[in-house]
Protein chains: 2
Amino acid sequence: MSLTTPGPVTGRAPVAPVAPSTSALRPLGLDEVAITGGPWAARQQVNGTATLDHIEGWLEREGWIANFDLAAAGTLPEGRRGREFSDSEVYKYLEAVAWEIGRLEASAGAGGRGAGERSEDASRDPAARAAALDARFRAIVDRVAAAQEPDGYLNTRFGRPGQGARWTDLEWGHELYCLGHLFQSAVARARTKPDADDGYVELARRAADLVCEVFGEGGDERICGHAEVEVGLAELGRTLGEPRYLEQARIFVERHGRGSLADIEWGRSYYQDDVALRDAEALRGHSVRANYLASGAADVAVESGDDDLLHALAGQWDRTVERRTYVTGGQGSHHQDEAFGEDWELPADRAYSETCAGIASVMFSWRLLLASGGARYADLIERTLYNVVETSPDASGTAFYYANTLHQRTPGEPADPDVVSPRAHSSLRAPWFDVSCCPPNTARTFASLAAYLATADASGIQLHQYAPSTIRTRLDDGQEVALDVSTAYPADGTVRVRVLTDAAAPWRLSLRVPAWAEGASLVVRPADGGIEQRFQDDPRSDPHGGAGYLAFERAFAAGDEVSLELPMAPRFTAPDARIDAVRGCLAVERGPEVFALESVDLAGTALEVSDFADLRVDPAVAPAASDGDRRPVVALVDQRTGARAEVPLVAYHAWAERGPSTMRVWVPVLGV
Amino acid sequence: MSLTTPGPVTGRAPVAPVAPSTSALRPLGLDEVAITGGPWAARQQVNGTATLDHIEGWLEREGWIANFDLAAAGTLPEGRRGREFSDSEVYKYLEAVAWEIGRLEASAGAGGRGAGERSEDASRDPAARAAALDARFRAIVDRVAAAQEPDGYLNTRFGRPGQGARWTDLEWGHELYCLGHLFQSAVARARTKPDADDGYVELARRAADLVCEVFGEGGDERICGHAEVEVGLAELGRTLGEPRYLEQARIFVERHGRGSLADIEWGRSYYQDDVALRDAEALRGHSVRANYLASGAADVAVESGDDDLLHALAGQWDRTVERRTYVTGGQGSHHQDEAFGEDWELPADRAYSETCAGIASVMFSWRLLLASGGARYADLIERTLYNVVETSPDASGTAFYYANTLHQRTPGEPADPDVVSPRAHSSLRAPWFDVSCCPPNTARTFASLAAYLATADASGIQLHQYAPSTIRTRLDDGQEVALDVSTAYPADGTVRVRVLTDAAAPWRLSLRVPAWAEGASLVVRPADGGIEQRFQDDPRSDPHGGAGYLAFERAFAAGDEVSLELPMAPRFTAPDARIDAVRGCLAVERGPEVFALESVDLAGTALEVSDFADLRVDPAVAPAASDGDRRPVVALVDQRTGARAEVPLVAYHAWAERGPSTMRVWVPVLGV
C-alpha cells in the first residue's frame, strides 16, 4: 500500500465522529449527509426512538445513572450498582443521544427530509424530538456533572473511602476507559450542538486536563487495561484544538507494549501491552481493546505525521482481515478472553464476534479510509455493518446480541424481556446484560451512521456506502454540490445518483465497487440529453490510485444522473483453505449480506425431521433468488437419509427473529 | 445396554481407589497387581520420585501447606496464599503419596518385583522409599490435623474473622470439594496402610460427620459448586462401613439440578445444577465437575441398587463419548468455562481437554466398567490414559500440561522451570500453575495405575489394560491364581499371559480386544504340550455378554500361556461427519496411541520452509511404520508449492518434548 500525502482539509470540521485536521479524504458529516430511506433509515428511526428509550430505561433501572447521584451525595460506595465500567454506558448513551439530536436537527433544518420524519404526527416532528432528547441529555449531564471531583476526576467506582484509590487497578478498573467514552460523547455534543450551554464539554476538558497531569511525560507511566482513552483524547483534542490531548493520546499509544500492566492468565496481549503497537503484525488480544487502540493510534499517526505508524497499522489491518476476520466481518474467536485467535483460528460455532468489536472495527477501518483512501476499508465497513452491527438488535431495537455466533447448534429459550442476561452469549437476543456495552454502542453508531457514507477531497466526492440519501457539501474549490441518491440496495443493485446542482468546473464522482461485485458498471446519463455512457469496472479507478471505485468526472449539471449497477445474484463463498473450522463448507452471500440456514426454514420440507448436523448443501446447484422475498434458495440433502429439499436462507442479521432455532452460516458440502 | 445383576463381592476390599460393596467385576488392587515394566512402569518410577518431590516442593514454596500452619497458629487470614481450593492440592498430593507407599510396599513384599525396583542402590529399595514417603506423609498430616476445628471443620480459606463465613459461597468457595479430596486421600491411606496410627482417617471421619450434620436431610439443602464431595463421601463410606456417608453422597447427587446455586454467566449447567442428573442426556458443563459428579453418582447408584440412575449414567457416557469426546479421549471444548461444548463441538485448536477432566473421565469409566462390564469403558480408559493423562507430564515428570490442545498454531516460549504459569493453556509444559490441580491429579493416578489393569468375577479374571505385570489373586471359589504378563505393548501387539499356578477347577481368562483391533486373535499354548489353539476375535466374547473380550476357559496349569495378538499397523482415522472442526481431515493412530504432526519433524525435508497451514496429507498413501522407532510416516504435500515429503509423526503424548513447535493431530486431506 502506498500512503498518499494528505493535503490540508479546508472548511469547518464536519459534524462527524472523526474529523482529522489533515487526511486524504474529508468526511462528510450529519449536516451534509442524511439517510432518507431503505433499511438504514428504518434502523435509524427505531434506534432514535425505541432503542434510546430502552437504553435509558435500563440505565435507570440498573442504577448506573444513579451511581452519579450517589457520588454527588457523598454516600458511595454504599448502593453503587453495576460493573466497574458502568459509567461508560451512560457516556455512550449520551453520545448516541447527541448524534441523534444532530441528525434530527439536520433533518428539521432540511425541511424534515428524513424518511421517518415525514409524518404529520407531532411526536414525529424532528425538531420537537430533538428538543425532547436535548432536555433528556441535559438532565443526565447535570447528574454526571454533580459527581465530578473539583480536580476533574470523574468515576463512581474509585477514589472514595471504602473504594479502591484512584488509578490503583489500571488492569481492570477501566477508569481511563470510562473517560475515553466521556470524551467521545463530549465530542459528539460539541460537534452537533456547539452552542450548548450545558457545560458538558467543559466537564470533559477538566477530566482530560487531569489525565494529562497524572499520566503525562514524567508522570504515571502506565496505560489503561482497556484502550479507549486514546481515541477519546485524540478527538477531543481535535475538537477543542488542544494539542496536549493529542500528545497525551500519543503517549498512551506509545506506552503499549512496555509491560506496565501485570501479566495475567491470558497474557499481556489481552490488553496489547506485550508488543509495541508499531511492531505488531496483526491485531491481537481482546478484540474491542485492539480495535479501539488501533483507532486511536491511527488518529495519532495522522495528526503527528507518523507514516511509519500508519503503515504498521495498515499492515495489521490487512493481515487481520485476511486471517482473523469472519465472513460476517466479525472479529474475535475466543469467548474466554473476548479475543482474536491466531491466524486462521475462526471457529464458526465459537465465534465470539462481539458486537462492540464490530463497531470498533468500523472505527478503525474508517480512520484508515480517511487517512489513505482504499475501497477495501469501505468494503469491510459495509460487511461489518450489515452482518455484525445490524445483527445485534432485533427489529424492535429493544433486544440485542452481544456475541454473534455463526453456528447455533441448539435452539435456546426466548429471553425474558424483563430480565438482565448474565451472559454474553445467548441463542436469542436479550434486553440487557450484566456487561451491557453493546446496546449503547450500536445506538451511537446507528445515530451517526450518515457520517460513514461519503467523503470529499480535492477531486470531488466519494460514495462509500449506498442508501437512499441526500448529500450537500461544498467542494474544496468552493462549489456547492448536492446529490440525491436513490436505491433499493441491498435488495436491488442499482444505485442512482442524481446531481441537483450545476457545477462551474469539473469534479469527480467516485462510487465504490465492492470486491464481490464483479461485472459492475457505471452508467452516466447527462441531463442535457447527451449520449449515455457506460463504464465497466475493469479497470476500476480509485480516487487515490487503488482499485475499487468507478469514477466519472465532468462539470456536472443539475439533472445529470450517474447510476452504479451492481450484480446481485446470490453466490457461493468458499473459505480460505487455511481455515480449519469451515473446511468443506460453503457460505451464501448476496450483495453485502451474508445468509444463513435457519432451522425454521426447514418446516414443511422433506428435511423437517432431519438432524441439523446431517444437512449438506449441493454445490452443483447454484443458489437462486427466490421469487417472493429475494432470499437465496439452496439445494440441501440429508446425508443420512438422502432426503432433499430446496430451502430458502435467511439474511444472517435477521436470524433468530422467528423464535428459537438452530442456524449455520457455513454449510458442509455434499460429498466432502 | 443391559445391566447385569451384580453378585456379592467376596473377600476383603482391594487396595484400590474404588471398592464397591457389590459389582459385576471386582477390582484387583495394588496388593494383587503390579506393573513391572514398559512405559507405565517407567512413568510410575518417575512419578514416585521426581514428580512427588516436585509437587511437595511447589506446595511448600507456594505456601499451600503452610496455610494449614497459619490456621493452626490462629493468624489467618493474614499470609494465606493460593486460590480458594489450594487445600485440595495438598490432599491430592497426600493421596498420591499414600498410593505410592502402597505400591512400594507391595513391591517390597513381593521381593522387589517392580521394574524400577531392582537396583542395588539403597535409595531404590522399595521398602526404604516407602518408609521415607511415610515419614513425609505423616509430617504433612500433622500440619493438616492441627488446622482442624474442634467440630471437624477443615478449610484454610473460610470461617475465621476476616474470612468468609463457612458455607457462604458454595458456588465458588470449594469447601466441600476440598473435603471430597480429603476423603479420597484418607481412603487411600486406609486401604494402603490400615494400621497407620497417624489419625488421618479419623480426621476425615470428623470432617465427614460435620458434612452430614450440616448438609443432611433437614439441613442446608444446597450443593457444592464443584462436585467431588460425592465421590469422596461414597468411598469413605465404603472404606469405613459408614452408611451415613453413602447416604450423604446420595443426597448431594440427587440435589443437583434443583437450582440451589446461583445462575451465573455460564449457566447452572456449569455446575450441573440445571437438570437432575438422572434426566440429563449427556455430560455437560464444567468437564471435571461433570465427571466427578458422574463418578460419585455411579458409586451411589451401585450402593443403593439404583439401576435407573446407573442406566441414565451409562446413557450419558455413551452420548458423551460419541459426540463430546476428542479422538485423544480428551473432554471439554471450552476454555472459558472449562466445559463440554454441545454435541459435535470439538475444535482441535481450542480443545481444552483438561488433564483433570481426562482423569475424572477415567474415574467415571472405571466405575461403569466395574458396575456392568463392557469393553468400551476400558477402551476409553486406555485412550485417555495414553493420550491425555500421559500427555500432561513431560519425560522428567516435573513439567505439565494443564490443557491438552490438539492443534498448536504458533510455537511458544519455553516455560521457565522456576516460574508459576498464570494460565492453563501453554504451548510448552509448565512446572506449576496458579490453578495447579493437574500435577497432583496425575500423580495420584499414576501411583494407583495398577488398580486399573485387571478385575475378577465368578468366572475368572479379566485383563483390561496391557503392561508387563504380575497378577496374583484369589478367585471367588477360593483358588489362588498368579499370572505373569509380558509384552512390549503398545510398541508391539503381542500380549503374553503366562499362568503361574495350577488350578483345581476351570476358570476363564478374558482379554480385552480394543475396538480398533480388527483381526485380533488369541493363541493358547498348553504347558503340557497339547495342541495350540487360535481364536479370532469374531465373534468376540465379553465376560458379561457384550463384545470386546477374547476369553478362554480351562483348568489352567502352571506354564500355560495365552497370547493376545493385536494388529499394530498405523491407521488413518476419519472423524465423524458431524464434527465440523475437523471435516476433511485425517488423524493417524497406532494401537492405543494417537499421533501428531509436529513441525520439528519437517526439518531437513522438502517441507521445511512450508507454512504449516498449507500442509496436506495424501490419503492414498497409507501411513507406514518407520524402520527405526515405529513412528508412523505419512506423505505430506504443500498445497501451495506442491512440495512433497514423507514425514514421521510423533506420539501425541510425547509432543513438545523437543522445544517450541507447532503441532496438529488432525491433518487436512489433500484435495478437499
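Note on naming: letters A, B, ... go to the chains in the order of the sequence lines (proteins, then strands), and numbering restarts at 1 for each one.
Both the backbone and the side chain of B:Ala577 come within contact range of chain A, each with at least one heavy atom under 4.5 Å from a heavy atom of that chain. Contacts of B:Arg583 with chain A are made by both backbone and side-chain atoms, with heavy-atom separations under 4.5 Å. At a 4.5 Å heavy-atom cutoff, the contact between B:Trp266 and chain A is made by backbone atoms alone.
In this structure, A:Arg350 and B:His335 have side chains that are not in contact, with every pair of non-hydrogen atoms separated by 4.5 Å or more.
How far CD of A:Glu345 is from NE2 of B:His407: 9.0 Å, rounded to the nearest 0.5 Å. To the nearest 0.5 Å, atom CD of residue A:Gln408 and atom CD of residue B:Glu342 are 6.5 Å apart. In this structure, B:Gln336 CD and A:Tyr352 OH are separated by 6.5 Å, a value rounded to the nearest 0.5 Å. Considering CG of B:Asp434 and CD1 of A:Ile264, their distance stands at 11.5 Å, rounded to 0.5 Å.
No other option in B:Trp666, B:Phe612, B:Trp344 has as many heavy-atom pairs under 4.5 Å with chain A as B:Trp344. Of the listed residues A:Ser421, A:Pro422, A:Pro347, the one with more heavy-atom pairs under 4.5 angstrom with chain B than any other is A:Pro422. Ranked by heavy-atom pairs under 4.5 Å with chain A, the list B:Gly584, B:Ser333, B:Pro668, B:Cys585 is led by B:Pro668. Looking only at heavy-atom pairs under 4.5 Å with chain B, the residue among A:Asp349, A:Val672, A:Val435, A:Asp263 that has the most is A:Asp263.
We find that A:Asp580 and B:Arg409 are joined by a salt bridge, their nearest charged nitrogen and carboxylate oxygen being less than 4.0 Å apart.
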